[in-house]
Amino acid sequence: MKILFYGTASYDKESFDKELPAYPEISIDYTDTNLTPLTAALARGYDAVCAFVNADAGALTLEMLAAQNVKLLLMRCAGYDAVNVNMAKELGITVTRVPAYSPEAIAEHAMALALCANRRIHKGYIRVRENNFALAGLVGETLHGKTAGIIGTGRIGAALARICKGFGMTVLGSDLYPNQKLVEEGCIDEYVDNDELYARADLISLHAFLDKDSYHMINDESIAKMKDGVILVNTGRGGLVDNDALIRGIRAGKIGAAGLDVYEGENANVYQDRMDEILGTSITARLCSFPNVVMTSHQAFFTREALSQIAVCTLDNAMAYAQGGEYVQGSQVC
Ligand code: NAI
């Protein structure tokens, strides 16, 4: 099985090359070119292509792949909104993805953002680097004894609940489908509705998936219901938060600290070095201008363990296709 690996970053090659010896039937050629209609022709002679969340696997790309007899698209990410699934079905292209990788990695990053923003570690680091050892403006809140509110208690939310328990916090959960097992295990003290969670939580972390119901769930109205000085963390999806409302909440002093790994409008930025460009929007600059905001760029998943899980799942799926076996559970898109 010959795979053309599109959009390769150094860490992709490293993690896949590390696992490849266990798959002697598979060979991979790497290109840093992304998969688009313009680059699909490169796949001639390959059995499969591997692409990431920022690929363009729309109708034209898929038609070009099919015309070259490439019938397997291995997405090395969870989301597959970049793929025209109906067209893939029509063309007989099998599409797989990596349904879950290291929920703990994302939960740990969520807590890291909460701690960094709350304790102004990003500001303290810069001060010490500049020989400024003053503390004024760096005061934060002790989390021990406080209340965490986790919106979306699936894989990642549950992992964060366990972390918050370790910090000695009371943990409130909110979910469309409350998971009583987490209550029985002592990870979540109580399920409440969102309004009660807003009213009681000192730290709110978003782990619901984005759909039309959760879009902009954090808006002027919900922020008004939160405690003064609340710590807000978003590692879920940018669209969960209305950026303008968030900025108003920070300016009003309602939001005491914010840690954001995702934000609405991030797509053009994600994993790109745009240092030399004049950006068309200023959302990151506006948010980072606040001393109590810390931002990272869709980095929460980024641990060696998660990269290794992505590689193993993708290669297992390639083997399943080649040998007619079972795909990793939940990974076959079509
Ligand atoms: P999951 O499917 O295990 O859990 C999501 C939970 O949210 C479910 O229990 C669901 O019932 C709940 N939910 C959905 N809408 C809700 C609403 N309106 N109110 C309350 N609860 C709601 O998903 P998982 O794996 O825990 O992922 C959560 C989020 O994290 C996803 O949006 C995912 O895209 C994002 N994510 C972010 C990454 C990053 O690097 N920043 C990496 C991977 C995932």
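Just so you know, ligand 1 is whichever comes first in the structure, and atom 1 is the first atom listed for that ligand.
Side chains of Y215 and D242: no donor on one and acceptor on the other come within 3.5 Å.
Of the protein's heavy atoms, I156 CD1, 3.3 Å lies nearest to atom 27 (O) of ligand 1. Nearest to atom 40 (O) of ligand 1 among the protein's heavy atoms is F301 N, 3.3 Å. In this structure, atom 37 (C) of ligand 1 lies nearest to the protein heavy atom T235 O, 3.1 Å. Looking only at protein heavy atoms, the nearest one to atom 28 (C) of ligand 1 is H207 O, 3.2 Å.
Which parts of ligand 1 touch G154 is read off a 4.0 Å heavy-atom cut-off, strictly below it: atoms 3 (O), 4 (O), 6 (C), 9 (O), 26 (O). With ligand atoms numbered from 1 in the order given, ligand 1 contributes 11 (O) to contacts under 4.0 Å with heavy atoms of Y177. Those atoms of ligand 1 with a heavy atom of D261 less than 4.0 angstrom away are 39 (C), 40 (O), 41 (N). Numbered from 1 in the order shown, with element, the atoms of ligand 1 that lie under 4.0 Å from a heavy atom of S214 read 18 (N).
When non-hydrogen atoms are compared, ligand 1 lies under 4.0 Å from the side chain of I106 (C-beta onward) but not from its backbone. The backbone and the side chain of R155 each have at least one atom closer than 4.0 Å to an atom of ligand 1 (non-hydrogen atoms only).
At least one donor-acceptor pair closer than 3.5 Å links the side chain of H122 to the backbone N or O of P291. Looking only at distances, a side-chain donor or acceptor of Q68 sits under 3.5 Å from a matching main-chain atom of A40.
Sorted by first and then second residue, the ring-ring contact (aromatic ring centres under 6.0 Å, His included) pairs involving residues 216-263 (not counting sequence neighbours) form an empty list.
Put simply, NZ on K146 and NZ on K227 are 8.0 Å apart, with the number rounded to the nearest 0.5 Å. Rounded to the nearest 0.5 Å, atoms CG (D261) and CD (E266) are 7.5 Å apart. Between atom CG of residue L65 and atom CG of residue L4 there is a gap of 9.5 Å, rounded to the nearest 0.5 Å.
Here's the thing with T153: none of its N/O atoms is less than 3.5 angstrom from an N/O atom of ligand 1. The N/O atoms of R237, backbone and side chain alike, include one that comes under 3.5 Å of an N/O atom in ligand 1.
Put simply, the side chain of D189 reaches to within 4.5 Å of the side chain of K165, judged on heavy atoms.
Residue D56 is tested with T61, N84, T39 for a side chain to side chain contact (heavy atoms under 4.5 Å, CB included); the sole match is T61.
The closest approach between a heavy atom of G236 and any atom of ligand 1 is below 4.0 Å.
With distances taken over non-hydrogen atoms, the option nearest atom 13 (N) of ligand 1 out of A300, P99, A208, G173 is A208. With L210, L176, D175 as candidates, the residue nearest to atom 6 (C) of ligand 1 on a non-hydrogen basis is D175.
Salt-bridge check for R237 with D211: failed, with every basic side-chain N at 4.0 Å or more from each acidic carboxylate O.
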